[in-house]
Amino acid sequence: MERIGIHVGCKGKQSVPALERLVGEVGPALGCNWVIVEVNGFFAYQSHPEAAEPDPMTAEDARRLKKIAADHGIRLVPMYNCLGHQSWKDKPGALLRAHPEFNEAPDADTSAEDFYCMSWCPNHPDINPLVFDLFDELLDAFEADALHVGMDEVFIIGECPRCKGTPNAELFAKAVNDYHGHLVDKRGVEMQMWGDRFLDGKATGYGLWEASENDTQGAIKLVPKDIVICDWHYEIMDEFPSIRIFQDEGFRVWPAGWNKEQSIRRLIEVARREAGPNMLGYLATTWTDVDGVVRGLAGEEIDPENERLKNVVAGVKLGLRLARE
Ligand SMILES: [Zn+2]
């Protein structure tokens with residue numbers, strides 16, 4: 001498999017030592033050749049300082065990470081989560097804290113049991129110019145030739161007065177096309193994103209996290225085919241039909257697993273069986289503290305009570321090993 005990757009989070013300055021070990025030591029030892037770092041607000045943006053979380057990493061940190069990664073044969077990709085995931089439950093990230101006017105559903109009951117994450121409005125006239133400045137800073141600091149725009153699990157869409165009445169597939173596609181216009185057409189870099197909103201939950205059998213139940217799936221026909229789709233699936237299933245679907249639509253697909261052994265094994269089996277020229281490899285996701293992940297991958301002691309971390313570390317090791325075979 002061509003791309004053997006790891007996706008990790010980042011909490012700013014405090015995560016930099018672990019990230020350096022990941023791209024300079026731990027990742028290469030596992031045969032990893034791509035690392036996606038989910039930066040979001042944890043970067044000291046000069047163009048919009050208000051969009052940065054406290055104690056962010058700096059451009060200098062990013063340049064050093066890039067150099068270490070390059071010296072060890074790793075392509076390092078910064079990620080900025082767009083559209084959805086602008087809060088964790090009722091706690092907005094830096095962007096919506098500073099710019100509440102971008103909130104797609106400011107009147108939503110964020111204290112409700114089933115409330116997940118806030119979204120920004122893809123039709124707000126000021127959102128893209130601001131976000132493109134952030135993209136540019138990340139691309140320049142990381143000297144990156146790709147950027148991951150996230151866009152998974154967008155549950156709040158089509159609710160504000162600007163968006164209401166437009167089909168969700170068109171709203172979602174507009175956002176994708178806007179980011180593509182800046183990243184691919186203007187900056188000439190690769191655009192990566194999660195694939196779940198392009199999948200029809202009913203037709204594929206995936207649940208509401210891994211596929212769309214809010215009618216965004218039609219967007220798959222409305223966006224450019226040169227986007228790399230990170231096709232994440234974490235549940236145990238016999239089939240993962242999206243690996244075929246994305247390739248049939250003309251996209252490059254990068255299947256991504258997480259923390260369940262049986263799911264990872266089957267996902268990679270299906271990826272190999274369905275592999276055409278547009279099947280890129282395997283991407284291990286982590287969704288937990290990067291320090292713990294790096295310690296665990298290095299074989300160092302991790303909290304034995306932390307089941308989540310243990311399973312993630314085991315999952316990354318398994319997935320990368322199978323992908324290398
Ligand atoms: Zn809107």
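Order of appearance sets the numbers: ligands from 1, and atoms from 1 within every ligand. Throughout, numbering of the chain's residues begins at 1 and tracks the sequence.
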Once you measure the plane-to-plane angle for [X] and [Y], does it fall in the parallel (<30°), tilted (30-60°) or perpendicular (>60°) bin?
X	Y	answer
Phe246	Phe198	perpendicular
Phe102	His99	parallel
Trp88	Tyr116	perpendicular

Work out the angle at the Zn ion (ligand 1) between SG of Cys121 and SG of Cys160, rounded to 10°.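 Answer comes to 110°, rounded to 10°.
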Can you confirm whether or not the ring centre of Tyr282 sits under 6.0 Å from the ring centre of Trp254?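 Between Tyr282 and Trp254, the centre distance exceeds or equals 6.0 Å.
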Do any of the N, O or S atoms of His124 sit under 2.8 Å from the Zn ion (ligand 1)?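 Within the cut-off used here (under 2.8 Å), His124 places no N, O or S atom near the Zn ion (ligand 1).
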For the Zn ion (ligand 1), which N, O or S atom of Glu104 is at the shortest distance?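 Relative to the Zn ion (ligand 1), the closest nitrogen, oxygen or sulfur of Glu104 carries the name OE1.
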